[in-house]
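Note that this is a predicted model, so its numbers are computed, not measured.
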Amino acid sequence: MSRGLTILRRRLLEAIPTLIVILAGNFLLLKLAPGDMVDAMLASDGGGDAVLVAALKQRYGLDQPIPVQLGLYLWRAARLDLGVSFIYSQPVVTVVLSRLGNTMLLMLSSLAIALLLGSVLGIAAARRAGTIADTAIVALGLLFYATPGFWVGLMLIVLFSVKLAWLPVGGLATIASGLSGFAYALDVARHLLMPMVSLSLVFVAVYLRLMRASMLETYGEEYVRTARAKGVGESRIAYRHVLRNALLPVVTMAGMQFGTLFGGSVVVETVFSLPGIGRLAYEAVVQRDLNTLLGVVFLT
């Protein structure tokens, strides 16, 4: 236990410089872009004179040099004070945490779908290696990998929402529906179905190819040849011997790529108007809300 705590403390200390560099880099990138938060505010309100601009910049500390602003922000972040969201006029922590559950629901469900479907297709391809079925499955995986998630989302909206009217266009649940219990869960599932498909397709291709390669490698092990020599059936070999060991790299990759899902959720949540962290980050960039954007970066 003590060794584990020591490793954990060392990892946390090693993460601090990385976090500082990431926060500083995002801070400077947004600062170097034309305009600032005051310009976005005045543009939405129809404009303002120079006196109002100067007063707002002084109020929010935007009249100070950029290095000073960066230093003040990093000092507040070190004390876990992420400031106030200018968009929602609430503490950034409150705003981010209110969206966290929606994004986690989307990410976990998408990861589960990708892991399940990718593993099934990878197993099917490996058991039929070198056949037309194997080639077709691999080609399907390449198609999934090459197709942008936002395009898939838009096409799903056109087909299932506009043409067929089977699924809702966007949002997380039907507004003012008064649903509860299982009916509410079913309504949320209907809203999340297309976003989950859009977000998971790329990862389906990754797990498909990884599972196929892992199973083919495991088929060459000594214990597999021994099992065949004993007369064990191919199905039993595949699921009792090969699959157990072939799953290890796939599960490891799933854990490593969990954070990568957030990058895709930004686009998917924007396309489907889901109230999650990804859409919050998009709104923060558009409105030049530096505190909210850096709060999202800090959390992720």
Side-chain angles (χ1 to χ4, degrees), residues 29 102-164 166-170 189-219 243 246-274 276-279 281-282 285-286 296 300:
L29 283 174
N102 299 335
T103 296
M104 291 298 292
L105 178 61
L106 174 63
M107 290 172 61
L108 288 173
S109 56
S110 299
L111 183 63
I113 291 176
L115 191 57
L116 177 62
L117 184 57
S119 298
V120 170
L121 291 175
I123 293 169
R127 296 195 62 188
R128 297 165 178 80
T131 65
I132 297 178
D134 176 33
T135 303
I137 293 174
V138 172
L140 182 65
L142 290 174
L143 178 64
F144 288 165
Y145 191 80
T147 306
F150 74 90
W151 185 85
V152 173
L154 292 174
M155 294 303 101
L156 290 176
I157 290 174
V158 171
L159 178 60
F160 293 104
S161 297
V162 179
K163 299 292 185 181
L164 301 177
W166 289 354
L167 296 172
V169 176
R190 292 180 66 248
H191 282 78
L192 285 179
L193 183 58
M194 291 192 296
M196 286 190 300
V197 172
S198 302
L199 184 57
S200 63
L201 281 186
V202 171
F203 298 94
V204 167
V206 173
Y207 301 141
L208 185 163
R209 295 181 64 84
L210 183 59
M211 175 60 79
R212 178 182 180 276
S214 183
M215 286 198 65
L216 290 178
E217 181 180 357
T218 308
Y219 268 122
L243 182 59
L247 274 174
L248 294 177
V250 177
V251 174
T252 302
M253 178 64 72
M256 294 173 61
Q257 287 192 325
F258 181 75
T260 310
L261 282 168
F262 175 76
S265 70
V266 174
V267 177
V268 171
E269 288 179 5
T270 302
V271 170
F272 291 96
S273 301
L274 291 176
I277 292 181
R279 182 168 175 81
Y282 170 78
V285 171
V286 173
V296 172
T300 54

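- With sequence neighbours left out, the side-chain contact (heavy atoms from CB on, under 4.5 Å) criterion links L121 to L117, I137, V204, L208.
- With S161 contributing its side chain and V158 its backbone, the two residues share no donor-acceptor pair below 3.5 Å.
- Under the rule for a side-chain contact (heavy atoms from CB on, under 4.5 Å), I132 has no partner lying at least two apart in sequence or in another chain.
- In this structure, L216 and A129 approach most closely via the heavy-atom pair CD2-CB, 3.7 Å.
- Counting heavy atoms from C-beta outward, V266 and R279 have side chains that stay 4.5 Å or more apart.
- Of the inter-residue distances, the one linking L115 atom CG with M253 atom CE reads 11.5 Å to the nearest 0.5 angstrom.
- The minimum heavy-atom distance linking S110 with P195 is given by the pair OG-O, 4.5 Å.
- In terms of modelled atom types and a separation under 3.5 Å, the side chain of S273 and the main chain of E269 share no donor-acceptor contact.
- Using a 4.5 Å heavy-atom threshold, the side chains of L274 and L192 count as touching.
- The line from CE of M196 to CG of L108 is 11.5 Å long, rounded to the nearest 0.5 Å.
- Here the closest heavy-atom approach between residue R128 and residue A133 is recorded as CD-CB, 3.9 Å.
- Residues passing the side-chain hydrogen bond (donor to acceptor under 3.5 Å, both in side chains) test with S198, sequence neighbours excluded: none.
- In this structure, CD1 on I113 lies 7.0 Å from CG on L193, to the nearest 0.5 angstrom.
- Legend: residues meeting side-chain contact (heavy atoms from CB on, under 4.5 Å) with T147, ordered by chain and number and at least two apart, are L143, W151, V152.
- Distance alone, capped at 3.5 Å, is enough to place a donor-acceptor pair between the T103 side chain and the I277 backbone.
- Residues in residues 151-163 take part in no salt bridge (charged side-chain N to carboxylate O under 4.0 Å, His left out) pair, two or more places apart or across chains.
- None of I157, V169, V267 except one satisfies the side-chain contact (heavy atoms from CB on, under 4.5 Å) rule with F272; the exception is I157.
- Residue pairs meeting the side chain to side chain donor-acceptor pair (under 3.5 Å) criterion with at least one partner in residues 204-217, sequence neighbours excluded, are D134-R212, Y207-Q257.
- For A246 against V250, the heavy-atom pair with the smallest separation is O-CG2, 3.7 Å.
- To the nearest 0.5 Å, atoms CG (N102) and NE2 (H191) are separated by 12.0 Å.
- For the atom pair L247 CG and M215 CE, the distance stands at 8.5 Å (nearest 0.5 Å).
- In this structure the side chain of Y145 reaches within 4.5 angstrom of the side chain of V206, judged on heavy atoms.
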